[in-house]
**Student:** 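Encoded as structure tokens, here's the structure I'll be asking about.
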Amino acid sequence: MKIGVMDSGAGGLTILNAIHQKHPSLDLVYLADDAFAPYGSKNIDQLQDRLVKVGRFFEDENVCAIVVACNTATVAAIDTLRASTSLPVIGVEPAVKPAFRLSKKRRVAVLATPVTAKSPRLNQLIDLWKADSHVDIMSSSSLAFDIDAWPETEEKVKATIHALSEDMLAENIDTLVLACTHYPLVKGLFEKALGSQCEIIEPSEGVTAQVVRRLLESYPMEAQRALVTSSSNKGRIELCCTKETESFKRLTQWIEDADAITLKRVVKL
């Protein structure tokens, strides 16, 4: 079975890595929509129109399901995408529920792009689960874009994370929700800056479990066979970009099983 995974850049590779590690028999097509990046600077109408085009691309690729591995695209446009395709569509939402359950001091930070930080969906999730917790919603307009440009932007990324972490430490935050799929790519930098007293939550395992649930619901017999892993049944990873081929080197550096990559190509949406 073939699954489509998309993001504006490299961030969704945190989800792709999790799916491939847990279910290596699945074929994965990754779309980095870098020609339209950063998503965090686009308005809702632009993102909705773009997600419909992404859906058409994946339909042409004959995937069985689409994973919107981008918090910004999920909160802004996933309903529009679902209305435009018959394929199962799995989004990614900030993992605030487990964060509130884990936080011992009841002090939680949610770090997101500006679009996600302002979204009604994020605020609904927080209101639903926060109980008596103090919540800081923080955003960065540049961090995701700078992670995409790694390693040239390494020092800039470190400086941004240091500044954000200083603010969190000053607020006595003990649990951080990484509400952008780019941010777990540099989770180690957050861990170093915040120390062991701060738990860091990201959604890749939950999204992977939801992908499996939706496959079994939509294609019960085929999915049961496809999810069986064997040495002769290793899935392939195909990388697609909407920009120049220079992007492939940046994407490949974040893929844990680079040997599984069988094809790289530029596509137009």
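Counting begins at 1 with the first residue of the sequence.
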**Student:** Grab the two heavy atoms, one from Ser139 and one from Leu164, that are nearest each other, plus how far apart they are.
**Tutor:** O-CD2, 4.5 Å
**Student:** Rounded to the nearest 0.5 Å, what separation is found between the OG1 atom of Thr262 and the NZ atom of Lys234?
**Tutor:** 10.5 Å
**Student:** Could you tell me which non-hydrogen atom of Leu185 sits nearest to which non-hydrogen atom of Ala10, and how far apart they are?
**Tutor:** CD1-O, 3.6 Å
**Student:** For Pro120, give me all partners under side-chain contact (heavy atoms from CB on, under 4.5 Å), at least two apart in sequence or on another chain.
**Tutor:** Gln124
**Student:** Could you name each residue pair satisfying ring-ring contact (aromatic ring centres under 6.0 Å, His included) that touches residues 166-221, not counting sequence neighbours?
**Tutor:** none
**Student:** Determine, stepwise, if the pair Ile15 / Val211 fulfils side-chain contact (heavy atoms from CB on, under 4.5 Å).
**Tutor:** CA-CA 10 Å; Ile15 305 297; Val211 169; 6.0 Å; no
**Student:** Examine Leu102 and Ile137 and state if one hydrophobic cluster contains both, with Ile, Leu, Val, Met, Phe, Trp and Tyr joined whenever side-chain heavy atoms are less than 4.5 Å apart.
**Tutor:** no
**Student:** Minimum heavy-atom separation for Val92 to Ala69, with atom names?
**Tutor:** CG1-C, 3.8 Å
**Student:** Got a sec, which residues hit side-chain contact (heavy atoms from CB on, under 4.5 Å) with Asn43, two or more places apart in sequence or on another chain?
**Tutor:** Asp45, Gln46
**Student:** For the pair Lys2 (side chain) and Glu61 (backbone), establish whether a donor and an acceptor sit closer than 3.5 Å, ignoring hydrogens and angles.
**Tutor:** yes
**Student:** Pro114 and Ser140: which non-hydrogen atoms are nearest, and at how many Å?
**Tutor:** CD-O, 3.4 Å
**Student:** Applying a strict under-4.5 Å side-chain criterion to I, L, V, M, F, W and Y, I'd like to know whether Ile66 and Ile3 cluster together.
**Tutor:** yes
**Student:** Not counting sequence neighbours, which residues clear side-chain contact (heavy atoms from CB on, under 4.5 Å) with Ser218? List them please.
**Tutor:** Pro88
**Student:** Taking the side chain from Arg107 and the backbone from Glu171, do they hold a donor-acceptor pair closer than 3.5 Å?
**Tutor:** yes
**Student:** Listing request: all ring-ring contact (aromatic ring centres under 6.0 Å, His included) pairs with a residue in residues 63-92, at least two apart in sequence or in separate chains.
**Tutor:** none
**Student:** Are Leu16 and Val63 co-members of a hydrophobic cluster defined by side-chain heavy atoms under 4.5 Å apart?
**Tutor:** yes
**Student:** When rounded to the nearest 0.5 angstrom, what distance separates NZ in Lys97 from CG in Leu125?
**Tutor:** 10.5 Å
**Student:** For Leu81, is there any backbone N or O sitting under 3.5 Å from a side-chain donor or acceptor partner on Ser84?
**Tutor:** yes
**Student:** Does any N or O in the side chain of Tyr30 come within less than 3.5 Å of the main-chain N or O of Gly12, such that one atom is a donor and the other an acceptor?
**Tutor:** yes
**Student:** Met168 versus Asp136: any side-chain heavy-atom pair under 4.5 Å?
**Tutor:** no
**Student:** Output the distance between atom CD (Glu222) and atom SG (Cys64), rounded to the nearest 0.5 Å.
**Tutor:** 5.0 Å
**Student:** Ignoring hydrogens, what is the shortest heavy-atom contact between Leu215 and Ala223? Give both atom names and the distance.
**Tutor:** O-CB, 3.6 Å
**Student:** How about Lys158 and Leu189: do any of their side-chain heavy atoms sit closer than 4.5 Å?
**Tutor:** yes
**Student:** Between Gln224 (side chain) and Leu216 (backbone), is there a donor-acceptor pair under 3.5 Å?
**Tutor:** no
**Student:** Hydrophobic clustering (ILVMFWY, side-chain heavy atoms < 4.5 Å, transitive) - are Ile173 and Phe100 grouped together?
**Tutor:** no
**Student:** Sequence neighbours left out, what passes side-chain contact (heavy atoms from CB on, under 4.5 Å) with Ala131? Give chain and number order.
**Tutor:** Arg106
**Student:** Looking at CG of Asn17 and NE2 of His20, how far apart are the two atoms once the value is rounded to the nearest 0.5 Å?
**Tutor:** 8.5 Å
**Student:** Can you tell if the side chain of Val177 reaches within under 4.5 Å of the side chain of Val108, non-hydrogen atoms only?
**Tutor:** yes
**Student:** Are any non-hydrogen side-chain atoms of Thr80 and Leu47 less than 4.5 angstrom apart?
**Tutor:** no
**Student:** Which pairs with one or both residues in residues 127-173 pass ring-ring contact (aromatic ring centres under 6.0 Å, His included), sequence neighbours excluded?
**Tutor:** Trp150-Trp254
**Student:** Do side-chain atoms of Ser103 reach the backbone of Ala99 as a donor and acceptor pair under 3.5 angstrom?
**Tutor:** no
**Student:** Could you state the interatomic distance from CD (Gln210) to CD (Glu217), rounded to the nearest 0.5 Å?
**Tutor:** 7.0 Å
**Student:** For the side chain of Ser119 and the backbone of Leu122, is there at least one donor-acceptor N/O pair under 3.5 Å apart?
**Tutor:** yes
**Student:** For Arg236, enumerate each residue passing the salt bridge (Lys or Arg N to Asp or Glu O under 4.0 Å) test, keeping only those at least two apart in sequence or located in another chain.
**Tutor:** Asp27
**Student:** How long is the span from the CD1 atom in Ile78 to the CG atom in Asn71, to the nearest 0.5 Å?
**Tutor:** 10.5 Å
**Student:** Is there a donor-acceptor contact under 3.5 Å from the side chain of Asp34 to the main chain of Gly9?
**Tutor:** no
**Student:** Can you check whether Tyr39 reaches Val115 side chain to side chain, under 4.5 Å on heavy atoms?
**Tutor:** no
**Student:** Less than 3.5 Å apart, which donor and acceptor atoms pair up between the side chains of residues 50-58 and the rest of the protein, not counting sequence neighbours?
**Tutor:**
{"unit_1": "Arg50", "atom_1": "NE", "unit_2": "Asp33", "atom_2": "OD1", "d": "3.4"}
{"unit_1": "Arg50", "atom_1": "NE", "unit_2": "Asp33", "atom_2": "OD2", "d": "2.8"}
{"unit_1": "Arg50", "atom_1": "NH2", "unit_2": "Asp33", "atom_2": "OD1", "d": "2.7"}
{"unit_1": "Lys53", "atom_1": "NZ", "unit_2": "Asp49", "atom_2": "OD2", "d": "3.4"}

**Student:** Give me each pair satisfying side chain to side chain donor-acceptor pair (under 3.5 Å) with a member in residues 109-118, each pair once, sequence neighbours excluded.
**Tutor:** Thr72-Thr113, Thr72-Thr116, Thr113-Thr116
**Student:** How would you list all residue pairs meeting ring-ring contact (aromatic ring centres under 6.0 Å, His included) that involve residues 63-88, not counting sequence neighbours?
**Tutor:** none
**Student:** Counting only heavy atoms from other residues, nucleotides and ligands, does the tally under 6.0 Å from CD of Gln253 exceed 12?
**Tutor:** yes
**Student:** Quick one: does Thr74's side chain have a donor or acceptor within less than 3.5 Å of a partner on Glu93's backbone?
**Tutor:** no
**Student:** Check whether any side-chain heavy atom of Thr208 sits under 4.5 Å from a side-chain heavy atom of His23, and report yes or no.
**Tutor:** yes
**Student:** Can you run down the side chain to side chain donor-acceptor pair (under 3.5 Å) pairs that involve residues 190-203, sequence neighbours left out, and say none if there aren't any?
**Tutor:** Glu202-Ser204
**Student:** Do Val5 and Val68 land in one hydrophobic cluster if side-chain heavy atoms of ILVMFWY residues count as linked below 4.5 Å?
**Tutor:** yes
**Student:** May I ask you to test the Val207-Thr181 pair for a side-chain heavy-atom distance under 4.5 Å?
**Tutor:** no
**Student:** Should the heavy atoms of other residues, nucleotides or ligands under 6.0 Å from NZ of Lys264 be counted, would the total exceed 12?
**Tutor:** yes
**Student:** Give me the one residue out of Val212, Leu28, Ile237 that meets side-chain contact (heavy atoms from CB on, under 4.5 Å) with Ile19.
**Tutor:** Leu28
**Student:** Test Phe36 against Thr242 for side-chain contact (heavy atoms from CB on, under 4.5 Å), laying out the working first.
**Tutor:** CA-CA 8 Å; Phe36 204 68; Thr242 57; 5.7 Å; no
**Student:** So which heavy atom on Leu13 is nearest to which on Leu251, and how close?
**Tutor:** CD1-O, 3.4 Å
**Student:** Do Met1 and Ser25 come within less than 4.5 Å of each other through their side chains, counting heavy atoms only?
**Tutor:** no
